[in-house]
Amino acid sequence: MRKPRDIDAELEELQKRARALKAKRIVQFGELVEATGGDTLSIEALAGVLLAAVEQADSKPEAVARWTERGAAFFQAGGKKSN
């Protein structure tokens, strides 16, 4: 006879893993902001920059391609802001 599955325990474990992944992603975003020097901007300015980028991404895919190249170069250089 098979052992019955504890669906509630499995669901709780999946939710715990999802929370851990979300927390890790948030930390990585913060580290990215710091590595690029974005932490020198006010929170309002940083939000404005991100909002403008999202708006541009929808209307100008060529801009996203340029940003992607620049971001790849940033990470290949070791993720250090060159200024």
Side-chain angles (χ1 to χ4, degrees):
M1 185 170 186
R2 287 180 48 187
K3 179 181 173 185
R5 289 174 61 182
D6 186 351
I7 302 294
D8 290 334
E10 290 178 28
L11 180 60
E12 178 61 32
E13 183 61 32
L14 287 173
Q15 289 171 335
K16 188 185 301 183
R17 287 179 53 203
R19 285 191 299 271
L21 287 172
K22 183 177 181 181
K24 181 179 177 182
R25 185 173 182 206
I26 290 169
V27 167
Q28 288 174 331
F29 280 135
E31 290 171 348
L32 180 61
V33 168
E34 285 183 348
T36 59
D39 59 332
T40 61
L41 298 172
S42 71
I43 194 75
E44 294 84 3
L46 185 58
V49 167
L50 291 172
L51 289 168
V54 170
E55 290 168 1
Q56 263 195 351
D58 289 339
S59 62
K60 297 182 182 178
E62 67 278 3
V64 176
R66 286 192 313 272
W67 298 338
T68 301
E69 290 174 10
R70 190 169 177 189
F74 172 78
F75 286 116
Q76 288 174 353
K80 301 293 180 198
K81 182 181 173 215
S82 61
N83 220 17

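Scope of the values below: all heavy atoms of this structure, side chains included, with no hydrogens, waters or symmetry mates.
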My understanding is that only residues two or more places apart in sequence, or in another chain, count here; which of them pass side-chain contact (heavy atoms from CB on, under 4.5 Å) with [X]?
X: E62; answer: K60, R66
X: D58; answer: none
X: Q76; answer: none
X: K16; answer: E13, R19

- Message: So for atom CD1, which belongs to I43, do other residues, nucleotides or ligands contribute more than 12 heavy atoms lying within a distance under 6.0 Å?
- Response: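 Counting other residues, nucleotides and ligands, CD1 of I43 stays at 12 neighbours or fewer.
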- Message: Once rounded to the nearest 0.5 Å, what's the spacing between atom CG of L46 and atom CG of L51?
- Response: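 Answer for the CG-CG pair, L46 versus L51, is 9.5 Å.
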- Working to the nearest 0.5 Å, report the span between CZ of R17 and NZ of K24.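 If we round to the nearest 0.5 Å, R17:CZ and K24:NZ are 12.0 Å apart.
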- Item | Co-membership, hydrophobic cluster, residues V33 and L41, 4.5 Å side-chain |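 In one cluster with V33: L41, yes.
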- List for me each residue that meets side chain to side chain donor-acceptor pair (under 3.5 Å) alongside R25, sequence neighbours excluded, and say none if there are none.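 Not a single residue meets the side chain to side chain donor-acceptor pair (under 3.5 Å) criterion with R25.
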- Item | Pairing residues for E69 by the side chain to side chain donor-acceptor pair (under 3.5 Å) criterion, not counting sequence neighbours |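 For E69 there are no side chain to side chain donor-acceptor pair (under 3.5 Å) partners, ignoring immediate neighbours.
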- Message: Can you list, by chain and residue number, the hydrophobic cluster partners of V64 when the side-chain cut-off is 4.5 Å?
- Response: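 Answer for V64: W67.
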